[in-house]
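Structure first, then comments.
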Amino acid sequence: MLLSKFFLPLIKDLPSEAKIKSHQLMLRTGMIKQSSAGIYSWLPLGFKVLKKIETIVRQEQNDIGAQEMLMPTIQSADIWKESGRYNDYGDEMLRIKDRQGREMLYGPTNEELITEIFRSSIKSYKSLPQMLYHIQWKFRDEVRPRFGIMRCREFYMKDAYSFDINDEEAKKSYNKMFYSYLKMFTKLGLKAIPMAADTGPIGGELSHEFIVLADTGESNVYADKNIFDINTNKYDFNEKSLEKMRNNFTSFYAVTDEKFNKNEFDLKVKKDDQISAKGIEVGHIFYFGDKYSKLLNCLVDHQEGKKVPVKMGSYGIGVSRLVGALIEVNFQNGVMKWPKSVSPYDVVIIASINKNDKQSFETAVKIYKELQRQKIDVLLDDVDENMSAKFKKHDLIGIPYQIIIGSKSEENKFEFKEVGENSVFLSFEEIKEKIKN
Ligand code: 5CA
């Protein structure tokens, strides 16, 4: 992509409500544009990052055997009346009437709809376990939408649902998700720690929020610092190993503020190991057993002949919120560096545009075409402005690798820089290898 042709509306004057780094950066680099309070359009740069995150989430969910599907954003109120949440959800739910006067709503989550799909499709324990997920927009009419896409009204969520015959089997599904989440966040370059949490309007007794520590986070968390040192790579995807992994995490004190108890904290965690910090909730998993299956009469034939309500869990990830979390963590001292796994482009060529130096631009175009031929996603900054203005702009756009073509270029060696490190002079082959690795 040529930057001169790219739809990238950079803005200089930030609206005063942009208080945190991610909100500011996303507006300045034209990743998003507010359309109304808490509702955003995703412009090409932001959309690319969002889709890359989505791809990693999808891969990791498929890897543990979860099956992707797609449920609609608009749901009928009837199933929510069956569960009793049509009233309980309160003002956060956006209620709509269609032309026949039927009550509809914009889904804030999908426990009811998935239970309804399941009950009309699966009748026997023989078809269990099942794990289904979709990645779909949600709407919650938050009282105070703020911090851009961090707490907004319309947001992109991955929500998965598990179905098992009993608590013991359901625990295995919960452990699989636990594992999938930890792997997924590692791939995104994030350290997200599972912490015991309140179940809120979803319900049930058991839940964990996955928290990324950040000063700008909205959650207050309390933890034993040793939980951050658990090496998740030593666990495999088999029943015993997954159980060990979960037991390892849950043996450390790590809770969100609703679950916090000062006496317990002091009793279980040495003073020097106590962390009390702010964090961003990037995911939340729940086990609520037969809460919805009982209310919605979602029964399967048990091995012993009787009919039993299926045991369910649900597992959410804030796909759009993750974009913000990644910025909060990786935007330091005015310089953004996207993790390579989700960067909008693999590399940017920053070329000097100068009437007296036609050579530089020709070289830049040559490298650009060659990288494209190698299927490397490359951005060429061909905008007519001085190099220092270009560097400032790319400090914000945050592509992790830069090829700088200007006065310093040498014969067949090009200035190559990984953001945050010193630049080096490399041949085209060496550059290609670096990027591909
Ligand atoms: N049904 C369950 C799990 S599938 C559920 O809805 N869980 S949740 O309410 O915790 O939401 C899942 C994730 O969505 C959260 O962990 C958070 O990362 C993200 N999220 C929730 N509300 C918002 C919001 N207003 N703006 C942006 N992301 C949000």
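Counting convention: from 1, in listed order, for ligands and their atoms alike. Only a predicted model underlies this, so the values are computations on that prediction, with no experimental measurement involved.
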Please list the nearest protein heavy atom to [atom] with its residue and the distance rounded to 0.1 Å.
| atom | result |
| --- | --- |
| atom 18 (O) of ligand 1 | Glu281 O, 3.0 Å |
| atom 12 (C) of ligand 1 | Met157 CE, 3.7 Å |
| atom 22 (N) of ligand 1 | Phe155 CZ, 3.5 Å |
| atom 13 (C) of ligand 1 | Gly318 N, 3.8 Å |
| atom 7 (N) of ligand 1 | Phe286 CE1, 3.4 Å |
| atom 27 (C) of ligand 1 | Met150 O, 3.2 Å |
| atom 26 (N) of ligand 1 | Cys152 N, 3.2 Å |

Within reach of ligand 1, part of [X] (heavy-atom separation under 4.0 Å):
| X | value |
| --- | --- |
| His284 | both |
| Glu111 | side chain |
| Arg321 | side chain |
| Arg140 | side chain |
| Glu142 | side chain |
| Val282 | backbone |

Tell me whether [X] is salt-bridged to [Y], with the criterion being a basic N under 4.0 Å from an acidic carboxylate O.
| X | Y | value |
| --- | --- | --- |
| Glu54 | Lys51 | yes |
| Lys311 | Asp164 | no |
| Arg151 | Glu142 | yes |
| Lys393 | Asp381 | yes |
| Lys271 | Asp266 | yes |

For ligand 1, which atoms, with element, lie under 4.0 Å from some heavy atom of [X]?
| X | result |
| --- | --- |
| Gly283 | 16 (O) |
| Ile149 | 27 (C) |
| Tyr315 | 3 (C), 4 (S) |
| Arg151 | 26 (N) |

Any N/O pair Ser320/ligand 1 closer than 3.5 Å: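 Among all N and O atoms of Ser320, none is under 3.5 Å from an N or O of ligand 1.
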Check: Asp159 N/O within less than 3.5 Å of ligand 1 N/O: no
side-chain contact (heavy atoms from CB on, under 4.5 Å) partner of Val212, chosen from Leu190, Leu326, Leu188: Leu190
Sub-4.5 Å side-chain heavy-atom contact between Glu60 and Tyr181: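 Counting from C-beta outward, Glu60 and Tyr181 never come under 4.5 Å.
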If we ignore angles and hydrogens, is there a donor and acceptor under 3.5 Å between the side chains of [X] and [Y]?
| X | Y | answer |
| --- | --- | --- |
| Thr109 | Glu111 | yes |
| Glu418 | Gln402 | no |
| Tyr161 | Asp159 | yes |
| Ser22 | Glu328 | yes |

Aromatic plane relationship, Phe210 with Phe185 - under 30° parallel, 30 to 60° tilted, over 60° perpendicular: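 Ring orientation of Phe185 relative to Phe210: tilted.
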Nearest neighbour of atom 5 (C) of ligand 1 from the list Ile211, Asp141, Ile202, Val319, on a heavy-atom basis: Ile202
